[in-house]
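Written below as structure tokens is the structure these notes are about.
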Amino acid sequence: MIEEVRKQRAKEVEELRLLGINPYPYRFEKKHDTKMIHESYDFLQPGQVLENEKVITAGRVMTIRLHGKSCFFTIRDFNGRIQAYIRQEEVSEQKYELFKKYVAPGDFVGIIGFPFKSKTGELTIYVKEFQLLSKSRRPLPEKWHGLKDKEVAYRQRYVDMIANDSTLERFKIRYKAISFIREFLIKRGFVEVETPILNFIPGGGAAKPFVTKLEALDCDMYLRIAPELHLKRYIVGGFEKVFELGKNFRNEGISYKHSPEFTSIEVYQAYADYHDMMELTETLISDLVLHLHGSYKVTYQGTELDFTPPWKRLKMREFIKEKLGVDILEDKEQVLERALKDRGVELDTNTRARMIEKLWDLVEDQVIQPTFLMDHPVEISPLAKRHREDPRLTERFEPIIFGMEMGNAFSELNDPDDQLERFKAQLKLRDAGDEEAHRMDLDFIRALEYGLPPTGGLGIGIDRLIMLLTDSPSIRDVIAFPLVTQSDDDDAFEGSAAE
RNA sequence: GGGCCGUUAGCUCAGCAGGUAGAGCACCUGACUCUUAAUCAGGGGGUCGCAGGUUCGAAUCCUGCACGGCCCA
């Protein structure tokens, strides 16, 4: 039982204190990480020893192989693993006994020693001194199979990261990607800005918001569903290139590609249109893929995705017509509804906008390779500028990859009269029962009346992008601490608070 | 919200024509000075997800619930 291990470890901690050894000391001057050590000494030949080199490193003990008066153990740090070797005759009998008795898998230790390569050719640190840095009190998951239980992996991600190197690696890639995106945009002259998460009017997208309460003013507020409308206010105010990377909240279903709390990046550029945004998207993502994989090609769930620019362009109207035989611009609503009913799709609200969205949903999974889905009808694009060639359409695109919407972009609507009309049309959809329809935001109209320059805007769903980059089948695999329902967590409290 | 599958030791998993629970790793004790899933000997550890029901008897069959996974809405 786990209590047995915890009691044993607690006993060891007490014994260490009696010996005058702090099981939780304050610091250790770590000089070398495992990667540096490998880079410096992997050249050694089996049996070769560099007695005059000094290596000072630290990490978590993962495995111990004890052989009486000597012992091999492996430590892991953020960058990898390194084997260490400790011998009674080197560190003194007293110190060796201390190691044998009180250092266990899971503990953090600091070691000082010199590098050598074992007979079997593994680079190893010959320990001259060691220091216990933190005692672990719980048993680690199995060293060979790792942790497979997804529930534990989601609820106790730290255990998942300890037990599965691939998990740690996945999150390293996530943050490497995010940092690349920031640098890319900053190099292009964009300024990283912030907008409110607490909103009186949740805008910038079609979604149900989370409601919360502002005690000070005794009123309801909403968590943002998108930063879009505030970012455009920056452009009105005089910023010309801005972006914001952060969390959005949507009170909707949870699925392999939906999380109620997700990360997006939104980018706005004055004097640009959606063609410029397409170039930006294509370059940003393909450069990112190249940066991480050394190639424009990525295998996702067994399918090769080719990010080599330029990506395919697909017009929404033409694609739906080709696949389903209906014209989302010309056909009457009865025709669109018939097409949906024939394919077993039920409509929750009977609006033309909803029909078009549902028709697209039917064909979305046929788009696998990186593609720009372009020129959406005006009914489903309340914040996008009308198409310069056809006012029934907008200058909008969504990057679609592996059947997933990876983002959304437009030539931003900057005509205040048209924006007001669009908001009014959205209110009608709300009245028709569409809870996701956009709300009226009169301050945003006022901002547009002061003047928004021609602007291109782009949003990208970061989590979905990371899914593709890490070959993860579910959005939960790329969110370190995903939403899980609360449970009576006996294991966490048992013994801890009571004792 | 609906359907299917799952939940047994800390971890990975066996056990299921109903007869009182097992392995490997981990843990504890001992042996062992180049191992690497180290090895060898011994030992401890389980309200078999929860609650009911059927039965002389339930990890095993039935019902409900919780949590998780996958698919659909």
Side-chain angles (χ1 to χ4, degrees), chain A residues 1-12 15 44-49 61-76 81-93 96-97 99-107 115-127 135-156 159-160 162-164 252-258 301 340 343-349 354 357-358 361-362 365 472-477 482-492 494-495:
Chain A
M1 201 186 165
I2 188 168
E3 280 314 299
E4 190 188 341
V5 176
R6 292 182 63 209
K7 284 204 175 104
Q8 175 66 26
R9 295 284 171 266
K11 196 183 109 199
E12 287 163 12
E15 288 173 10
L44 292 177
Q45 296 301 311
Q48 200 179 342
V49 180
V61 175
M62 300 304 286
T63 58
I64 293 181
R65 293 174 291 283
L66 183 70
H67 297 81
K69 294 189 174 62
S70 79
C71 178
F72 285 95
F73 59 102
T74 306
I75 64 172
R76 186 183 81 155
R81 289 170 187 248
I82 187 80
Q83 180 173 259
Y85 182 54
I86 183 165
R87 238 184 200 187
Q88 189 186 89
E89 68 178 25
E90 180 64 39
V91 297
S92 87
E93 193 175 334
Y96 186 75
E97 284 304 309
F99 182 89
K100 228 168 97 170
K101 190 151 189 216
Y102 295 111
V103 176
D107 295 347
F116 77 102
K117 221 163 210 180
S118 71
K119 282 177 187 164
T120 48
E122 178 155 357
L123 182 63
T124 306
I125 307 304
Y126 194 109
V127 177
K135 271 303 281 177
S136 169
R137 308 283 279 265
R138 286 175 181 261
L140 294 181
E142 221 247 3
K143 63 184 171 191
W144 189 242
H145 297 96
L147 178 73
K148 289 193 173 171
D149 187 325
K150 286 201 171 180
E151 185 174 356
V152 178
Y154 294 150
R155 288 185 189 277
Q156 294 166 248
V159 177
D160 186 25
I162 294 167
N164 298 314
E252 295 167 357
I254 303 172
S255 79
Y256 74 96
K257 58 178 175 180
H258 293 93
Q301 302 296 295
L340 286 165
R343 289 167 178 86
V345 178
E346 294 294 321
L347 284 163
D348 43 4
T349 54
R354 184 49 59 94
E357 283 163 359
K358 291 284 178 190
D361 286 345
L362 285 172
D365 62 6
S472 300
S474 167
I475 198 166
R476 286 182 162 196
D477 297 325
L483 189 127
V484 279
T485 54
Q486 264 193 316
S487 70
D488 299 333
D489 197 345
D490 293 336
D491 174 55
E494 199 173 287

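All heavy atoms count here, side chains included; hydrogens, waters and symmetry mates do not. Numbered from 1 within each chain, the chains take letters A, B, ... in sequence-line order. Here the structure is a predicted model, which is why all the values come from computation and not from measurement.
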Does B/A37 have OP1 or OP2 sitting under 4.0 Å from an N or O in the side chain of A/Thr63? no
It should be established whether A/Arg65 places a side-chain nitrogen or oxygen under 4.0 Å from OP1 or OP2 of nucleotide B/A37. no
Rounding to a whole Å, what distance do you find between [X]:[atom1] and [N]:[atom2]?
X: A/His258; N: B/A73; atom1: NE2; atom2: C1'; result: 13 Å
X: A/Asp160; N: B/C11; atom1: CG; atom2: C1'; result: 13 Å
X: A/Ile254; N: B/A73; atom1: CD1; atom2: C1'; result: 15 Å
X: A/Ile86; N: B/U35; atom1: CD1; atom2: P; result: 18 Å
X: A/Glu122; N: B/C34; atom1: CD; atom2: P; result: 15 Å

Sorted by position of nearest nucleotide on RNA chain B, 5' first, the leading residue of A/Lys100 and A/Thr74 is A/Lys100
Given RNA chain B, 5'-ward residue of the pair A/Lys69 and A/Tyr256, judged by closest heavy atom: A/Lys69
Summary of protein contacts for nucleotides 22-27 of chain B, nucleotide by nucleotide, where a base hit scores B, a sugar-phosphate-only hit scores S (4.0 Å, heavy atoms): --BBSS
Under 4.0 Å between any heavy atoms, over every strand shown, what does A/Gly47 touch: base, sugar-phosphate, or nothing? Just pick one. nothing
Which distance, rounded to the nearest 0.5 Å, do you find between the CZ of A/Phe73 and the CZ of A/Phe99? 4.0 Å
